[in-house]
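What's counted below: heavy atoms across the whole structure, side chains too, no hydrogens, waters or symmetry copies. All chains are named by letter (A, B, ...) in the order of the sequence lines, taking the proteins before the strands, and each is independently numbered beginning at 1.
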Amino acid sequence: MFQISLTFPDGNKRDYAAGITAAEVASDISTSLGKKAISATVNGAHHDLQWPIAADATIAINTMKDAEPALELVRHDLAHIMARAVQEIWPDVKVTIGPVINNGWYYDFDRKEPFTPEDLGLIEKKMKDIINQRDGVRTEVWERDRAIQHYKDTGEPFKVELIESIPGDEPIRMYWHGEWQDLCRGPHLQHTGQVPADGFKLMHVAGAYWRGDSSREQLQRIYGVAFLNKEQLKAHLTMLEEAAKRDHRKLGREMDLFHMQEEAPGQIFWHPNGWKIYTTLQDYMRRQQERGGYVEVNTPQVVDRKLWEASGHWDKYQENMFIVEVDEEHAREKAVNALKPMNCPCHVQVYNQGMKSYRDLPLRMAEFGSCNRYEPSGALHGIMRVRGFTQDDAHIFCREDQIEVETKKFIEFLSNIYRDLGFENFSIKFSDRPEQRAGSDEVWDKSENALRSATEAAGYDFELNPGEGAFYGPKLEFVLTDAIGRDWQCGTLQVDFVLPERLDAHYIAEDGQKHRPVMLHRAVLGSFERFIGILIESSAGRLPFWLAPRQVVVAAIVSDANEYCQEVVAALRAQGVRAELDLRNEKINYKVREHSVGKVPVILACGMREVEERSVSVRRLGEKQTSTSSLEEIVSTLTLEAKAPDQL
RNA sequence: GCUGCUGUAGCUCAGUGGUAGAGCACUCCCUUGGUAAGGGAGAGGUCGGUGGUUCAAUCCCACUCAGCAGCACCA
């Protein structure tokens, strides 16, 4: 028998017979470690304790104190335990897959009857029983044919399909949790009792397509969250409650920003407060674009299908377009139109007016373009995913050799704006050529290289999204992370060689000949609607002063101060500060509470003392303490605060 | 679009086969109160829509619309 040498994290080495399992190694170190061990990391790979070690290796024995592998194993085993529980309760349910995800796991089941919330309680109880049984976990490698036959015999068609899709050189591993068997590549805990019985919770049931394919069977997916102990679980559930409190749909109502209604699904009725945020942001973006060398245009909403046919949208995007057919009697001529889902074809029309010279390039054409897309009903989500929205869109018409410089410029432009808006950190995803694409490989090489090197030159790392590019070119996506860790794609930059070709855009180069420009599609905010949703949620409604729709409320403490309050409001408004008056017959407690709930950043309260001193009592949102300022002082302070970051 | 759930007053939610209720918000009155809800009175609803069952439907059934969660799709 071979001897092998294992190196431990502390540098110690021990010799063992080849083929020894990690469990045996752990027990050899100490009996208690043998019991506490949950898995082993062998040569950097995570394995369960039954893993036989054939050659010299580095090894670390993991226990529940090693949070990362422990969570992975606990969640993974819970997926199996849940599947077993479901099959013990309803033996005819078919099992499929159940991976670990953020904070927990899910498992997809095929069952005719829907799982009810009561069912979740039953399953949870059964899972706890299984955990308390402390059933051992064991594994075997099976021959492919045997595994397929097994699942044919037990009536598990999804498992058969899974095995058939496992590459031929990969072993087929079977695991048993007690008597219950599942196909799995592991690793797993030693026995079910190692799962903390009070650290998990089944959250909800939802539909999910088999293999993520909407043409395949729809299964029922049960989601669970799991942690190493009760306290961590509780902290997670509390975090979810906090997240729900900052939901932009809830805050939008509380702050009276907007509403939506049945007659216009996926479209927003902006109220005065919300529209103030929108226009303030738009004014800011317009100033930035002017500084950034953009020209602003505006193009039609309703456009003849002929243009969409030429651009390729009619072919590739029709499902998502609002088609407008006008009754012939009412129409000057019979025509089928569509509301524009994107601005690019219209921008090419503007570009195409008159001859363009190479001296005109790069031409940066911006539009706050209102677009309508017929999004699937299930995709709609508050103001974040809507059917009518406005992009801060622009198209940069340039030569191929300008792509890199323009990309670099854009990334700088965007990062400045994100910083102004309070997002110091963002990540970049780079999506390269998809399988189905237009344009030659040569052109793709060129544009991918240009995007990549420009991003690197700007000093940013990016994550590769292989095959996720648009059919017409590669793209960069700029992703913001909000205050509770959720990612949102906002900005984008896409290289496009195809549309200029389809819509016959050209310029006259130095050689006197016609050449095709390249188009860079780009947006910073993405859409105002989504971006405002992100701003609301990440700030929990406490927008920076310059963006707050109601910046100041001047509240009278006694009615004898009413006149003075009006004077304060007038002084603030004269300086462009958005100030409102609250002279209602209510106590100051009541007014403070109401405006605090309404997320007004500054409340200025005035009673007789302030009238006499010509001062105000200042209360800032989120602070318990108040301070006193003279009228002149507070007006100049707030005037400065009300300025946008680019106007300081 | 698919699966499941939900739809009652402006908001949050009770409730019943015999055409409805609370709290907050709103209006009016009292109260002039010093930093997160002062007191009283009043008004407010074809119970998402359409059709069906029934002597009678907000409640039961069918269809439909919208919302929510997830999937698929995406700014």
_Output one letter per nucleotide in nucleotides 42-51 of chain B: B when a protein non-hydrogen atom lies under 4.0 Å from the base, S when only the sugar-phosphate is that close, - when neither is._
----------
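Considering only residues two or more places apart in sequence or on other chains, A:Phe389 meets the ring-ring contact (aromatic ring centres under 6.0 Å, His included) condition with none of them. For A:Thr280, there are no side-chain hydrogen bond (donor to acceptor under 3.5 Å, both in side chains) partners, not counting sequence neighbours. Remark: A:Asp213 engages A:Ser215 in a side-chain hydrogen bond (donor to acceptor under 3.5 Å, both in side chains) (not counting sequence neighbours).
Residue-level contact check: A:His381 touches the backbone only, with heavy atoms under 4.0 Å from sugar-phosphate atoms and none from bases. Using a 4.0 Å heavy-atom cutoff across all strands shown, A:Ala605 reaches at least one base atom of the nucleic acid. Among the atoms of the strands shown, none is found under 4.0 Å from any heavy atom of A:Gly491. Here A:Ser527 lies in heavy-atom contact (under 4.0 Å) with a base.
Among the nucleotides B:A36, B:G38, B:C11, the one closest to the side chain of A:Arg593 is B:A36.
Taking the charged nitrogens against the carboxylate oxygens, A:Glu594 and A:Arg584 do have a contact shorter than 4.0 Å, which makes a salt bridge. Using a 4.0 Å cut-off between a side-chain N of Lys or Arg and a carboxylate O of Asp or Glu, A:Arg609 and A:Glu613 do not qualify as a salt bridge.
Heavy-atom nearest nucleotides on RNA chain B were determined for A:Val592 and for A:Gln220, and the one closer to the 5' end corresponds to A:Gln220. Each of A:Pro265 and A:Ile557 was assigned the nucleotide of RNA chain B with the nearest heavy atom; the assignment lying further toward the 5' end belongs to A:Ile557.
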Kindly list each side-chain donor-acceptor pair under 3.5 angstrom involving residues 462-474 of chain A, sequence neighbours excluded, with atom names and distances?
residue	atom	partner	partner atom	Å
A:Tyr472	OH	A:Gln494	OE1	2.4

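When base pairs are accepted only as Watson-Crick or G-U wobble with both N-N or N-O distances under 3.5 Å, RNA chain B takes part in stems of 3 or more pairs at B:1-7 with B:65-71, B:10-13 with B:21-24, B:26-30 with B:38-42, B:48-52 with B:60-64.
Between the P atoms of B:G7 and B:C59, the separation comes to 12 Å (whole Å).
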